Amino acid sequence: MDHPTQVLLLKSLLTMIEQRQTSMAEAIYLNPVESYTSHDQLQREQRHLFDSLPLMMGLGSQLPCPGDYLTDDSSGVPVLVVRDDGGSLNAFINVCRHRGARLLDGAGNIAGAMICPYHGWAYGLDGRLQRLNPPGSFEGLSCTERNLTRLSVVEQQGLIWVHPTPGGQINAAELLGPLASEIGDFGFEHYSHYETRRLRRRFNWKVVIDTFLENWHFSTLHRQTVLPIFIPGISHFEGCGTHLRLIMPRRSIVELFDQPEEHWDLLRHSAIIYVLFPNTLLVWQGDHLEVWRVFPAGPGRVDQCLIDVSLHVPAAPASAKEKAYWDKNMTLLMETVDGEDFRLARQLQKGYASSAQRHLTFGKNEPALHHFHRAIQTSINEQ
Ligand code: FES
Ligand SMILES: [Fe+2]
């Protein structure tokens, strides 16, 4: 994010702090409880979102060298992303074209060729089948007919995007829309992956996103964890197409009242939350990045989700002290979000299923929730 934009946003935030205001929607928003409980809605989400939109897979810096790969099954499609010798990323369905074995597991580096664990067919980093084994057994077939099934992949502003359906195209210019240049300014392509944790939790996948979309619950739910760090109840919201940006000021931001604008630094004095539609959160945490990716846990699992949370830091820790610092950040993150938000979310899901009410009420002070759920409804209701 460039400095003039930071100053503009800071002026707005400092005014909000002086006047005890926050970004407001024009009216309250009634969100149907069915959005979290309906199997029909889950099917439409799978079809219109998770099968049809480019999905964020991680940071390009997780795969710096030729042969570096990652695999990901979260969307329901087994995806394999690998960096080739020319430095470009290729993405494939992670399925051998002989009899369908899973080609690679986890993440790592493969030198030269990807070899199927079942009968040993070998594929180049470009997905080409190198030879048909054993000789003579596949007469009439040529290697080119059994290359890996390719998926569209784009590396942009340090983020990897894959279209989960063969033949699906990614329009790179529209991926991040108006957020492209400000996200690019962070330089995430130079970041170092610190840690990823995978969670499976018993609530609808959208609850994870909802958790991050307002900060007035800090005063009640997070008194012992992040309330000492953040000013609760004040945030700056902006919708950016289907994406959104929400800025939550740290308490340290009040130092800026006494400083000249040229020294103002929004990034140090706030948390900046980007929802990259539909299922990714980038959470800028002052000096590092959290990435949250959320998926329904499978067909029919309207009340369960899979969550990937990753910490990315500006440089790999060079000392035990630096490592301890990032570990402390990870611990606080898990204590707050998993220990407090997600613990409560399990009860939320039970409440949704209880017939207590047909709608949740999003206040005017929760505009990010309005924006996210409107974008979901618009997308899943398209023909
Ligand atoms: S399934 Fe891969 S070589 Fe047979
Ligand atoms: Fe929270």
Side-chain angles (χ1 to χ4, degrees), residues 22 71 78 80 82 92-105 110 113-124 127-138 141-149 199 201 203-235 237 246-251 270-273 275 281-285 290 292 294 305 307 309 329-349 360 362-363 365-366 368-369 372:
T22 185
T71 62
L80 160 63
V82 61
F92 309 103
I93 297 191
N94 189 14
V95 168
C96 177
R97 295 296 311 282
H98 172 219
R99 279 171 49 202
R102 180 181 177 78
L103 203 56
L104 294 175
D105 266 327
I110 24 126
M114 301 185 277
I115 302 190
C116 178
Y118 200 176
H119 311 90
W121 277 15
Y123 299 87
R128 284 174 203 269
L129 179 63
Q130 294 181 331
R131 73 192 71 83
L132 280 160
N133 285 338
S137 299
F138 294 92
L141 195 66
S142 80
C143 283
T144 53
E145 294 173 82
R146 291 294 181 271
N147 293 335
L148 293 180
T149 303
L199 315 173
R201 293 290 178 265
F203 37 82
N204 183 270
W205 68 276
K206 295 185 293 298
V207 175
V208 178
I209 310 280
D210 292 358
T211 297
F212 287 85
L213 296 190
E214 47 82 15
N215 62 347
W216 67 291
H217 71 280
F218 286 19
S219 317
T220 37
L221 188 60
H222 300 312
R223 298 185 72 80
Q224 310 300 328
T225 47
V226 290
L227 183 62
I229 302 171
F230 290 95
I231 301 177
I234 293 175
S235 56
F237 160 76
L246 187 67
I247 307 175
M248 300 180 181
R250 290 171 182 270
R251 291 186 185 275
S270 64
I272 307 179
I273 294 158
V275 174
L281 288 154
L282 304 185
V283 183
W284 172 254
Q285 282 289 17
E290 286 164 19
W292 295 81
V294 201
C305 61
I307 306 164
V309 52
N329 273 279
M330 192 71 183
T331 302
L332 177 63
L333 162 70
M334 295 309 286
E335 278 175 7
T336 308
V337 181
D338 199 31
E340 295 177 336
D341 291 300
F342 291 172
R343 194 156 156 234
L344 185 140
R346 280 192 279 272
Q347 305 308 324
L348 282 182
Q349 188 70 36
L360 307 184
F362 296 157
N365 62 340
E366 299 172 316
L369 283 161
F372 174 60

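Note that the numbering runs from 1 along the sequence shown for the chain. Read the numbers this way: they start at 1 and go in the same order the structure lists the ligands and their atoms. Remember, predicted model here, so these are calculated numbers, not experimental data.
Of all protein heavy atoms, the one lying nearest to atom 1 (S) of ligand 1 is Arg99 N, 3.4 Å.
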For this session: Evaluate the side chain to side chain contact (heavy atoms under 4.5 Å, CB included) criterion for residues Ile307 and Trp205: first the C-alpha distance (whole Å), next the side-chain angles of each, then the deciding distance (0.1 Å), finally the verdict.
Result: CA-CA 8 Å; Ile307 306 164; Trp205 68 276; over 6 Å; no
For this session: Step by step, work out the side chain to side chain contact (heavy atoms under 4.5 Å, CB included) result for Glu290 and Leu333.
Result: CA-CA 9 Å; Glu290 286 164 19; Leu333 162 70; 3.3 Å; yes
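Among the atoms of Glu340, none of the N, O or S atoms falls under 2.8 Å from the Fe ion (ligand 2). Atom 2 (Fe) of ligand 1 has an N, O or S atom of Cys96 closer than 2.8 Å. Residue His98: no N/O/S atom is found under 2.8 Å from atom 2 (Fe) of ligand 1.
With contacts defined as side-chain heavy-atom distances shorter than 4.5 Å, the pair Cys116/His98 does not qualify.
By heavy-atom distance, the residue among Arg97, His119, Arg102, Arg146 lying nearest atom 4 (Fe) of ligand 1 is His119.
With a 4.0 Å heavy-atom cut-off, ligand 1 is reached by the backbone of Trp121 and by its side chain too.
Between the side chains of His217 and Asp341, a donor-acceptor pair is found at a separation under 3.5 Å.
Around CD of Gln130, the count of heavy atoms belonging to other residues, nucleotides or ligands within 6.0 Å exceeds 12. Within 6.0 Å of CZ in Arg251 there are more than 12 heavy atoms belonging to other residues, nucleotides or ligands.
Per-residue contacts place Ala101 under 4.0 angstrom from the following atoms of ligand 1 (heavy atoms of the residue considered): 1 (S). Counting atoms of ligand 1 from 1 in the listed order, those under 4.0 Å from a heavy atom of Cys116 are 1 (S), 2 (Fe), 3 (S). The atoms of ligand 1 that sit less than 4.0 Å from any heavy atom of Gly120 are 3 (S).
With the Fe ion (ligand 2) at the apex, His222 NE2 and Asp341 OD2 define an angle of roughly 90° (rounded to 10 degrees).
Asn204 places no side-chain N or O within 3.5 Å of a backbone atom of Cys305 that could act as its donor or acceptor partner.
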